[in-house]
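Given the structure is predicted, the values throughout are model-derived calculations rather than measurements. Only this structure's heavy atoms are used, side chains among them; waters, hydrogens and symmetry mates stay out. Whatever order the structure lists them in is the order used to number ligands and atoms, beginning at 1.
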Amino acid sequence: MGVINVTPDSFSDGGRFADAPAALAQARKLIADGADMLDVGGESTRPGAAAVSEDEEIARVVPLIRAIRAESGVAISVDTMKPAVARAAVAAGAAMWNDVTALRHAPDSLATAAELGCDVVLMHMQGEPGTMQAEPRYGDVVAEVAAFLAARAEAAMAAGVARERIWLDPGIGFGKHMLDHNLPLLGGLERIVAPGFPVLLGVSRKSFISAVDGGGRPADQRLGGSIAAALAGVAAGVAALRVHDVRETVQALRVWNAVAQARSSAS
Ligand code: HH2
């Protein structure tokens with residue numbers, strides 16, 4: 001899944017694809033690079049990001065989704081917590097609603113997901129985007145994230161979302177201490193995968209990579225760590241990777257799979 005943020009302030013690519021021609025050019029590049037899905041977002045979730053109105057968010061994502069749909073069959077996801085934005089995105093051709101609040105943001109989130117009938121990504125986050133990194137606390141981070149996701153999947157199904165539409169995401173970097181929480185969660189991904197829902201993993205360019213690498217690495221200098229963490233996710237059984245650097249990740253996956261195949265024919 002390739003990321004396109006049509007925002008002025010996203011943490012890793014903010015402002016680069018904020019105008020429509022630049023965003024469409026980036027979509028074409030990600031498709032040519034091998035993305036199976038594109039995740040289009042019109043509001044940054046990073047702490048301190050400016051709030052965006054429903055109308056503004058729709059105006060950012062819908063023309064791009066329409067333009068991609070007009071020329072490509074690639075699967076399109078919309079990264080939003082607002083039901084009205086998800087509704088407009090699905091009408092424009094999106095097939096997946098990626099919600100970092102796991103359908104908790106609005107009173108009608110669950111019912112809207114059921115009505116739209118699209119795939120939904122339920123992501124774990126402790127707290128709210130603005131303050132989530134202030135003081136995240138867990139006893140057993142893997143158990144707590146797994147329990148939260150199981151409860152949100154139950155809530156979605158109770159509201160009428162079909163089981164086969166549900167994806168889970170541990171929400172790396174969302175209300176998690178850089179090393180104390182993100183690393184155990186990545187080390188325990190098998191427990192997030194175990195219930196059998198497809199799992200989406202977003203590690204691309206995130207801050208914990210810089211922390212592991214000694215600190216001070218800006219977002220555009222985290223490619224090696226992004227790929228290492230992505231492959232750790234693949235080894236644990238995740239179904240999709242949300243990434244900014246599609247070409248490099250596809251190459252890593254091809255080599256990973258080729259070696260895995262060689263290993264199984266050798267044994
Ligand atoms: N991470 C980001 C945004 N949306 N959605 C899911 N399901 N999983 C993630 O890990 C995830 C996500 C943050 O990355 P980015 O989109 O690059 O930044 P921003 O939120 O600042 O737009």
Side-chain angles (χ1 to χ4, degrees), residues 1-18 23 26 30 35 37-52 57 60-61 64 75-82 85-86 89 94 96-105 109 113 118-130 132-133 145 148-149 152-153 156 166-176 178 181-182 185-186 189 192 197-210 218-220 222-223 225-226 229-230 232-233 238-246 249:
M1 171 190 273
V3 179
I4 310 179
N5 288 312
V6 201
T7 58
D9 55 358
S10 287
F11 85 94
S12 72
D13 56 5
R16 288 185 51 211
F17 312 118
Q26 177 66 4
L30 295 179
M37 284 190 255
L38 296 181
D39 189 37
V40 176
E43 178 180 36
S44 174
T45 48
R46 76 180 167 80
V52 179
E57 202 178 325
R60 288 179 183 181
V61 300
L64 177 61
I76 303 172
S77 150
V78 64
D79 186 351
T80 185
M81 43 182 125
K82 301 189 185 85
V85 178
M96 176 184 269
W97 177 3
N98 172 23
D99 185 356
V100 299
T101 74
L103 303 176
R104 293 176 301 155
H105 177 69
S109 293
C118 59
D119 283 5
V120 286
V121 180
L122 306 174
M123 197 198 78
H124 176 271
M125 166 167 49
Q126 189 179 89
E128 299 288 323
M132 65 188 177
Q133 289 306 102
V145 170
F148 170 91
L149 293 174
R152 293 313 297 161
I166 297 175
W167 292 63
L168 304 180
D169 184 329
I172 298 297
F174 284 82
K176 281 140 194 130
M178 256 188 260
H181 301 145
N182 288 312
L185 198 44
L186 286 171
L189 275 178
I192 308 297
F197 294 98
V199 170
L200 172 66
L201 182 68
V203 286
S204 184
R205 301 185 184 177
K206 289 195 172 164
S207 311
F208 80 92
I209 294 167
S210 172
D220 63 356
R222 299 175 188 165
L223 178 56
S226 299
V238 307
L241 300 165
R242 182 182 181 280
V243 306
H244 301 86
D245 303 289
V246 170
T249 309

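In summary, the atoms of ligand 1 found under 4.0 Å from a heavy atom of V100, numbered by their order in the structure, are 4 (N), 5 (N), 12 (C). Near T45, meaning under 4.0 Å from one of its heavy atoms, ligand 1 places the atoms 3 (C), 19 (P), 20 (O), 21 (O). Residue-ligand proximity, G202 to ligand 1, at heavy-atom distances under 4.0 Å covers atoms 10 (O). Ligand-side atoms of ligand 1 in range of D169: 6 (C), 7 (N), 8 (N), 9 (C), range being under 4.0 angstrom from any heavy atom. Residue contact check: L200 has heavy atoms under 4.0 Å from atoms 7 (N) of ligand 1.
No salt bridge links R242 with D169; every basic N to acidic carboxylate O contact stays at or beyond 4.0 Å.
Taking each heavy atom of L103 and R152 in turn, the nearest pair found is O-NH2, 3.0 Å. The minimum heavy-atom distance linking V6 with R60 is given by the pair O-CD, 3.2 Å. Shown here for V199 and P170, the closest heavy-atom pair between the two residues is CG1-CD, 4.1 Å. Residues A153 and L168 come closest through the heavy atom pair CB-CD2, 4.4 Å. Looking at every heavy atom in both residues, S109 comes nearest to W97 through O-CZ3, 3.6 Å.
I166 is listed as a side-chain neighbour of L122, based on a closest heavy-atom distance under 4.5 Å.
The closest approach between a heavy atom of N98 and any atom of ligand 1 is below 4.0 Å.
For D79, a nitrogen or oxygen atom sits less than 3.5 Å from a nitrogen or oxygen atom of ligand 1, counting backbone and side chain alike. In terms of N/O distances under 3.5 Å, ligand 1 is not approached by D39. Checked against a 3.5 angstrom limit, the closest N/O atoms of K206 and ligand 1 fall inside it.
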Stepwise side chain to side chain contact (heavy atoms under 4.5 Å, CB included) check, L201 with L186: CA-CA 9 Å; L201 182 68; L186 286 171; 4.1 Å; yes
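Under 4.0 angstrom from ligand 1, there are no non-hydrogen atoms of T7. By the criterion of a heavy-atom distance under 4.0 Å, the side chain of R242, and not its backbone, is placed next to ligand 1.
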